[in-house]
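Notes for the one structure printed next.
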Amino acid sequence: MIEEPKINRNLALELLRVTEAGALAAAPLQGRGNKIAADQRAVEAMRESLASVDMKGTVVIGEGEKDEAPMLFFGEQIGNGLEPEVDVAVDPIEGTSLTASGLPGAISVVALAERGTMFTTHVHYMLKLVVGRKARGVIDLEMPVEWNLRRIAKAEGLPVQELTVVVLDRDRNKEIIGQIRDTGARIKLITAGDVAGALEAALETRFGIHCMMGSGGATEGVLAACAIKTIGGDIQAKLFLKDDKERQLAVSEGHKPDKVLCIDDLVAGKDVFFAATGITTGELLKGVRYEDVYAYTQSMVLRSASGTMRIVDAYHPIDKLRIKGLLPEQVRVR
């Protein structure tokens with residue numbers, strides 16, 4: 001017998017309003033060099049929008065300590081207090097530096113699942129290995145890079161040299177970049193946008209990306225796992241511990257520091273929801289743009305129980321955005 005999901009409605013569509021609000025609030029500050037101000041606007045807009053969602057939510061991944069944000073912190077209760085009871089993961093701007101610099105790929109993200117099913121940690125970084133549906137079940141994070149790429153290539157029906165691997169461009173990833181290049185595979189280096197990069201890898205046929213490797217944000221890893229679980233890809237991860245202090249932190253949280261985390265370890269929920277809205281135009285989503293009397297947004301909405309992926313184009317009247325405070329009066333859009 002198929003187990004019925006505990007959440008009896010599509011909350012992802014309600015989350016769409018939340019990410020749209022975050023993206024629309026941040027968009028006027030794209031390219032203006034102030035990532036803190038952009039992030040604050042997105043946080044405030046998303047928190048206000050989340051407050052009206054029919055749920056009893058607990059933030060398990062938020063701004064909190066890492067970004068010293070005043071809202072959407074770890075453990076904060078959000079929603080209007082009605083059922084269902086859920087874990088909430090939120091990143092008001094995934095790519096604050098991209099937004100501040102007007103560079104491609106910044107998105108606003110939120111995910112939720114049944115209460116107590118999301119992996120939580122205060123360790124900042126995580127090693128990740130992400131693949132799409134074709135290579136699901138063939139990866140092993142504890143095996144060498146070449147071993148994994150050859151397995152992925154076989155699953156994809158390609159020579160290794162035709163694979164494209166997304167890697168976050170950080171000094172800590174130099175060794176893995178070298179190992180990938182030794183196999184002859186292509187690399188797409190990204191300066192930020194960890195979640196978007198993972199989604200591109202999981203949706204390999206759409207973006208021509210076959211894998212994501214290397215270390216990135218731990219919170220972004222859980223957010224990515226929520227999305228990947230809805231679309232049938234695969235992810236393995238391991239906490240990336242910089243020193244003994246972080247190892248002790250992981251142990252104090254009840255984690256085995258060297259354990260390989262599979263997708264069900266990162267998000268065990270049966271009914272997982274994910275929504276993302278573009279802030280600046282990237283390969284995953286188009287960003288906010290202003291057209292005459294409307295602001296345009298493009299979003300992705302996912303639900304694991306149905307397996308549905310929606311790409312939503314929306315037009316928001318500029319005069320109403322100004323009333324809501326999502327577009328300051330002093331910002332001219334044409």
Side-chain angles (χ1 to χ4, degrees), residues 7 9-28 38-64 67 69-74 76-96 99 106-115 118 195-196 199 219-220 222-224 226-227 230 267 269 271-279 284-288 295-304 308-316 320-321 324-327:
I7 304 173
R9 69 182 190 282
N10 195 347
L11 282 169
L13 296 176
E14 297 181 47
L15 297 184
L16 169 63
R17 294 185 294 105
V18 175
T19 57
E20 284 179 343
L24 287 164
D39 195 49
Q40 183 176 355
R41 280 183 54 81
V43 168
E44 291 171 353
M46 291 183 75
R47 188 174 187 269
E48 182 177 347
S49 188
L50 281 164
S52 65
V53 176
D54 287 342
M55 66 179 181
K56 184 186 291 185
T58 301
V59 176
V60 297
I61 291 174
E63 295 289 274
D67 296 313
M71 295 183 288
L72 295 177
F73 54 84
F74 181 84
E76 183 177 356
Q77 302 298 304
I78 54 175
N80 62 12
L82 300 176
E83 296 294 333
E85 192 170 359
V86 293
D87 286 347
V88 180
V90 58
D91 195 345
I93 302 181
E94 207 247 337
T96 52
T99 302
I107 58 176
S108 183
V109 184
V110 66
L112 61 82
E114 301 97 321
R115 182 75 181 107
M118 282 191 196
V195 176
L199 268 166
T219 56
E220 290 84 352
V222 179
L223 274 163
C226 290
T230 70
V267 55
D271 207 359
V272 183
F273 303 83
F274 178 93
T277 301
I279 300 171
L284 184 69
L285 292 166
K286 296 176 184 176
V288 177
Y296 165 84
T297 58
Q298 186 176 69
S299 305
M300 174 182 286
V301 187
L302 308 170
R303 184 184 185 184
S304 65
T308 306
M309 177 174 68
R310 292 180 171 90
I311 303 298
V312 180
D313 295 309
Y315 291 84
H316 312 264
K320 295 187 183 297
L321 294 182
K324 293 177 182 178
L326 295 177
L327 184 61

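This one's a predicted model, so the numbers in the text were calculated from it and none came from an experiment.
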- For Glu114 and Asp271, which heavy atoms make the closest approach, and how far apart are they? OE2-N, 3.1 Å
- Euclidean distance, Asp39 CG relative to Thr96 OG1, rounded to 0.5 Å: 6.0 Å
- Query: How close do Phe274 and Val195 get, heavy atom to heavy atom, and via which atoms?
  - Reply: CZ-CG1, 4.2 Å
- Query: Which distance, rounded to the nearest 0.5 Å, do you find between the CG of Leu72 and the CD of Glu44?
  - Reply: 10.0 Å
- Item | Residue pair Thr58 / Gln77, side-chain donor-acceptor N/O under 3.5 Å | yes
- Task: Step by step, work out the side-chain contact (heavy atoms from CB on, under 4.5 Å) result for Leu11 and Val53.
- Result: CA-CA 8 Å; Leu11 282 169; Val53 176; 4.0 Å; yes
- Message: Within the 4.5 Å heavy-atom criterion, are Val88 and Met118 side-chain neighbours or not?
- Response: no
- Nearest-0.5 Å distance, OG1 of residue Thr99 to CD1 of residue Ile107: 10.0 Å
- Task: Could you grab the distance from atom CG of Leu24 to atom NE2 of His316, nearest 0.5 Å is fine?
- Result: 5.0 Å
- Got Leu50 and Met55 here, is their nearest side-chain heavy-atom distance under 4.5 Å? yes
- Sub-4.5 Å side-chain heavy-atom contact between Tyr296 and Asp313: yes
- State plainly whether the residues Glu48 and Lys324 are in salt-bridge range, i.e. N to O under 4.0 Å. no
- For the student: nearest non-hydrogen atoms of Val272 and Ala113, plus distance: CG2-CB, 4.1 Å
- Would a 4.5 Å heavy-atom cut-off, applied to side chains only, mark Arg115 and Val86 as touching? no
- Task: Under the side-chain contact (heavy atoms from CB on, under 4.5 Å) rule, what do Leu284 and Gln298 come out as? Steps first, then yes or no, please.
- Result: CA-CA 10 Å; Leu284 184 69; Gln298 186 176 69; over 6 Å; no
- Are any of the side-chain heavy atoms of Ser304 and Val267 separated by less than 4.5 Å? no
- Item | Distance (rounded to the nearest 0.5 Å) between Ile93 CD1 and Ile279 CD1 | 4.5 Å
- Query: So, for Pro92 and Ala42, which heavy atoms are closest and what is the spacing to 0.1 Å?
  - Reply: CB-CB, 3.7 Å
- Message: Tell me whether Arg41 contacts the main-chain N or O of Leu326 through its side chain, where contact means a donor paired with an acceptor under 3.5 Å.
- Response: yes
- Query: How long is the gap from CE on Met300 to OG1 on Thr19, to the nearest 0.5 Å?
  - Reply: 11.0 Å
- Item | Any side-chain heavy-atom pair of Val90 and Arg47 under 4.5 Å | no
